[in-house]
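Please read all numbers here as calculations on a predicted model, not as lab measurements.
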Amino acid sequence: VQLQASGGGLVQAGGSLRLSCAISRRIVSLNAARWYRQAPGNERESIAGFTRGSSTIYADSVKGRFTISRDTANNTVYLQMNSLKPEDAAVYYCNVDLTYFDTHRYFRREFWGQGTQVTVSS
């Protein structure tokens, strides 16, 4: 299983980006998904996430501006980011907890995407 993160780039303050995190194979269930970010000199922080059967949660810093969602048919998790601010600039990572079937058994594993850079100009 691999995660392919994409959608980062350079945007002006107030603009929008949509990050994607594509899961490379068919899965049995997506148990949880989260987006993290890490700015230079800072620790990686969780900013948005959901657990199967539960509501989504957001960090206060992005609440009302960012939206996490999933497309089951395309096995993709998204992060819609609106009203971007310079302080949102960071490398963004997706993280998923999923179950898949392979070689006659089920596996539940956690995976990380490779990170995508978001830069916000003021």
Side-chain angles (χ1 to χ4, degrees):
V1 179
Q2 291 184 330
L3 302 185
Q4 181 64 48
S6 62
L10 172 64
V11 64
Q12 288 188 331
S16 298
L17 285 173
R18 188 178 76 161
L19 306 183
S20 300
C21 180
I23 302 168
S24 66
R25 60 169 291 160
R26 181 179 295 180
I27 62 174
V28 174
S29 63
L30 179 62
N31 306 307
R34 298 174 185 85
W35 284 95
Y36 293 76
R37 67 185 182 189
Q38 187 168 19
N42 292 351
E43 294 186 354
R44 189 173 296 188
E45 61 170 338
S46 175
I47 57 170
F50 62 78
T51 302
R52 187 170 59 139
S54 300
S55 59
T56 54
I57 57 173
Y58 297 94
D60 288 343
S61 58
V62 306
K63 197 173 295 182
R65 301 186 298 122
F66 290 11
T67 303
I68 186 172
S69 63
R70 67 175 293 188
D71 182 337
T72 303
N74 291 318
N75 258 1
T76 303
V77 178
Y78 299 99
L79 183 69
Q80 178 67 44
M81 306 187 296
N82 299 326
S83 303
L84 283 160
K85 305 175 181 180
E87 52 263 42
D88 293 319
V91 178
Y92 283 70
Y93 299 90
C94 57
N95 171 273
V96 299
D97 170 353
L98 56 83
T99 301
Y100 63 97
F101 185 79
D102 191 13
T103 318
H104 311 298
R105 56 172 291 192
Y106 292 93
F107 295 85
R108 180 170 180 171
R109 297 287 187 271
E110 180 179 348
F111 298 92
W112 286 89
Q114 82 280 16
T116 183
Q117 177 73 51
V118 172
T119 304
V120 184
S121 62
S122 56

(message) Minimum heavy-atom separation for Ile27 and Tyr100, please, with both atom names.
(response) CA-CB, 4.3 Å
(message) Looking at every heavy atom in both Leu84 and Arg65, which two are closest together, and how far apart are they?
(response) CA-NH1, 3.9 Å
(message) If I take atom CG from residue Asn75 and atom CZ from residue Arg25, how far apart are they, to the nearest 0.5 angstrom?
(response) 10.0 Å
(message) Restricting to ring pair (Phe, Tyr, Trp, His ring centres under 6.0 Å), what partner residues turn up for Tyr78, sequence neighbours left out?
(response) none
(request) Return yes if some donor-acceptor pair links the side-chain N/O of Gln4 with the main-chain N/O of Ser24 below 3.5 Å, else return no. (result) no
(message) With clusters defined by side-chain heavy atoms of hydrophobic residues (ILVMFWY) lying less than 4.5 Å apart, directly or transitively, does Val62 cluster with Val91?
(response) no
(request) Report yes if some heavy atom in the side chain of Thr116 is under 4.5 Å from a heavy atom in the side chain of Ser6; otherwise report no. (result) no
(request) Taking all non-hydrogen atoms of both residues into account, name the closest pair between Ala39 and Ala90 and its distance. (result) N-CB, 3.8 Å
(request) Could you grab the distance from atom OG1 of Thr67 to atom OH of Tyr58, nearest 0.5 Å is fine? (result) 4.5 Å
(message) Just to verify, what does Ser16 make a side chain to side chain donor-acceptor pair (under 3.5 Å) with, not counting sequence neighbours?
(response) Asn82
(request) Would you check if Phe111 and Arg109 make a side-chain contact, meaning some heavy-atom pair closer than 4.5 Å? (result) yes
(message) Ignoring hydrogens, what is the shortest heavy-atom contact between Leu17 and Val118? Give both atom names and the distance.
(response) CD1-CG1, 3.9 Å
(message) Same cluster or not: Tyr36 versus Val96, using hydrophobic residues (I, L, V, M, F, W, Y) connected whenever any side-chain heavy atoms lie under 4.5 Å apart?
(response) no
(request) Look at the side-chain heavy atoms of Ile, Leu, Val, Met, Phe, Trp and Tyr, link any pair under 4.5 Å apart, and say whether Tyr93 and Ile47 land in one connected group. (result) no
(message) Within this structure, what is the OH-SG distance for the pair Tyr92 and Cys21, rounded to the nearest 0.5 Å?
(response) 14.5 Å
(message) Is the shortest side-chain heavy-atom distance between Val28 and Phe107 below 4.5 Å?
(response) no
(request) State plainly whether one hydrophobic cluster holds both Phe66 and Leu10, where clusters connect Ile, Leu, Val, Met, Phe, Trp and Tyr through side-chain heavy atoms under 4.5 angstrom apart. (result) no
(request) Determine, stepwise, if the pair Val11 / Met81 fulfils side-chain contact (heavy atoms from CB on, under 4.5 Å). (result) CA-CA 11 Å; Val11 64; Met81 306 187 296; over 6 Å; no
(message) With rounding to the nearest 0.5 angstrom, report the CD to CD distance, Gln38 to Gln117.
(response) 11.0 Å
(request) Would you check if the side chain of Asp97 reaches a backbone N or O of Arg108 as a donor-acceptor pair within less than 3.5 Å? (result) no
(request) Please round to the nearest 0.5 Å and tell me the distance separating atom SG of Cys94 and atom CG of Leu19. (result) 9.0 Å
(request) Kindly give the heavy-atom pair with the smallest separation between Ala48 and Leu79, and that separation in Å. (result) CB-CD1, 4.0 Å
(request) State the CG-CG distance between Leu98 and Asn31, to the nearest 0.5 angstrom. (result) 7.0 Å
(message) Check Asp88 with Lys85, please: is the shortest side-chain N to carboxylate O separation under 4.0 Å?
(response) no
(request) Over all heavy atoms of both residues, which pair between Leu3 and Trp112 is shortest? Give the atoms and the distance, please. (result) CD1-C, 3.6 Å
